[in-house]
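Written below as structure tokens is the structure these notes are about.
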Amino acid sequence: MIVRILGEGQFEVPEAAAAELNELDGTLEAAVERNDDAAFRPALAALLARVRAVGSPTEADDLRPSELIIPQPDATMDEVHKLLTDEGLIPG
Amino acid sequence: MVAPMGVMKRVTMVFRAKANKALDRMEDPRETLDYSYQTQLELLQKVRRGVADVATSRKRVELQVNTLNQNAAKLDRQARDSLAAGREDLAREALTRKAGLQTQLEDLQTQYASLQSEEEKLTVASQRLQAKVDAFRTRKETIKATYTAAEAQTRINEAFTGISEEMGDVGLAIQRAEDKTAQMQARAGAIDELMASGALDDIVSGPHDDIQAELDRMGAGHGVDHELERMKAELAQGSAPRQIEGGLAGSGDGASAEPARAADPAQAGEPE
């Protein structure tokens with residue numbers, strides 16, 4: 001499956017890694033829901049590190065959409081909240 | 001409250017929803033291709049402008065860093081000159097001002113690194129978008145040539161969703177870069193204003209470069225003192241025998257040479 005790290009690009013990630021990524025994502029989501037900045041940063045870093053470790057970058061001209069999208073590495077809590085609603089995206 | 005499904009899925013859904021909304025607006029799916037391609041080209045232009053804007057800000061900060069570095073070097077030199085002249089108070093003043101500059105320099109260097117990183121990110125993003133836009137253009141022509149409007153739908157949807165996601169990503173990257181650049185420009189503007197108003201010069205060298213003035217005065221003063229000593233010595237040589245005879249009564253002829261010698265070491269002992 002294809003996973004995108006915002007600001008960084010897309011990665012081809014083996015399906016077998018899905019469960020592990022979902023668990024890391026669960027930790028991240030819990031931190032975001034609690035607005036817990038101290039837990040948020042390591043959770044995001046752990047998820048990103050895992051994607052980079054198990055995934056390989058796709059070709060730049062690959063037009064396939066991603067199945068999962070992860071916020072950029074230096075995203076703030078506020079930016080992630082915006083990404084979860086469409087106010088985070090620029091119209092057009 | 002949204003049911004737990006993870007941040008990744010939710011962000012993806014937001015991106016997809018946006019692509020679908022755009023697709024729904026189009027009557028003929030093939031029309032979507034040309035319209036989207038136009039938007040892609042516009043976004044590419046925007047990213048390139050973004051890269052140029054960030055580079056401009058970075059260069060501006062670089063110039064400011066250079067100016068502050070020169071000023072810091074000058075204060076350092078003044079501190080050394082002051083110490084050499086035995087004026088620890090002046091040296092301390094110069095070093096205090098230098099420390100003030102150092103704080104600003106560190107701040108500017110952080111800004112510089114941040115802008116450099118944004119510039120790199122945007123450059124990479126623009127290359128990635130360019131590759132995808134090229135791929136989209138090829139795909140678009142194939143779809144238009146080979147398929148009827150109805151048949152094309154699925155293929156268009158996929159290509160459109162893929163490119164739309166990339167555009168969303170790049171769009172966000174530009175926005176972040178613009179926000180950062182705007183912040184930096186405001187701070188750079190403040191420093192430029194400081195420099196232009198002379199307030200920074202005051203930090204560096206006081207209202208009238210007082211440290212330098214003091215050093216110069218000491219330099220000039222030293223010359224005058226030197227001259228005075230030499231004159232005194234010359235005069236002393238001319239009148240010494242009589243004065244010595246009066247002052248050192250009964251000490252004999254051998255004493256007459258001593259005062260002249262004594263004047264020399266005193267003169268040599270003056271700080272250079």
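So that the names make sense, note that chain A is the first sequence line, chain B the second, and so on, each numbered from 1. Because only heavy atoms are used, hydrogens play no part in the values below, and waters and symmetry mates are left out as well, while side chains stay in.
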Problem - B/Met13, CE atom: more than 12 neighbouring heavy atoms under 6.0 Å - result: no
Exercise for the section: Please report the closest heavy-atom contact between B/Asp169 and A/Ile5, naming both atoms and the distance. Expected result: OD2-O, 4.0 Å
Problem - Check: B/Thr12 and A/Arg4 side chains under 4.5 Å, non-hydrogen atoms - result: no
Handout entry: Any residue of residues 135-144 of chain B which, by heavy atoms, sits under 4.5 Å from chain A
Key = B/Ala135, B/Phe136, B/Arg139
Completion exercise
In terms of heavy-atom pairs under 4.5 Å with chain B, the winner among A/Gly26, A/Gly7, A/Pro71 is A/Gly7
Handout entry: Nearest-0.5 Å distance that lies between atom CG in A/Leu83 and atom CE in B/Met8
Key = 14.0 Å
Problem - Set of residues satisfying salt bridge (charged side-chain N to carboxylate O under 4.0 Å, His left out) with respect to B/Asp53, sequence neighbours excluded - result: none
Exercise for the section: Could you grab the distance from atom CD of B/Glu165 to atom CZ of A/Arg64, nearest 0.5 Å is fine? Expected result: 11.5 Å
Handout entry: Engaged part of B/Glu166 at the chain A interface, taking heavy atoms whose separation is under 4.5 Å
Key = both
Practice task
Quick one: closest heavy-atom pair of B/Gly6 and A/Glu29, and the distance?
Solution key: N-OE1, 3.1 Å
Exercise for the section: Say whether, by atom type as modelled, one donor and one acceptor occur between the side chain of B/Lys9 and the main chain of A/Leu68 under 3.5 angstrom. Expected result: no
Fill in the blank from the handout: On a heavy-atom basis, the closest approach of B/Leu172 and A/Leu6 is CD1-CD1, 4.1 Å
Exercise for the section: Find out whether B/Lys121 and A/Asp74 are in side-chain contact, i.e. whether some heavy atom of one side chain is under 4.5 Å from a heavy atom of the other. Expected result: yes
Problem - Backbone N/O of A/Leu63 and side chain of B/Lys132: donor-acceptor pair under 3.5 Å - result: no
Exercise for the section: Please examine the side chains of A/Ile70 and B/Val11, heavy atoms only from C-beta on, and report whether any two atoms are closer than 4.5 Å. Expected result: no
Practice task
Tell me, for A/Glu8 versus chain B, whether the close heavy atoms (under 4.5 Å) come from the side chain, the backbone, both or neither.
Solution key: backbone
Handout entry: Nearest-0.5 Å distance that lies between atom OG in A/Ser66 and atom CZ in B/Arg16
Key = 7.5 Å
Handout entry: Heavy-atom contact with chain B under 4.5 Å, split by part of A/Leu21
Key = both
Problem - Atom CZ of B/Arg80: over 12 foreign heavy atoms under 6.0 Å - result: no
Problem - Electrostatic pair B/Arg176:A/Glu79 at N-O distance under 4.0 angstrom - result: no
Practice task
Check each atom of A/Glu59 against the heavy atoms of chain B and say whether the ones under 4.5 Å are side chain, backbone, both or neither.
Solution key: backbone
Handout entry: Interatomic distance, A/Thr85 atom OG1 to B/Arg10 atom CZ [nearest 0.5 angstrom]
Key = 9.5 Å
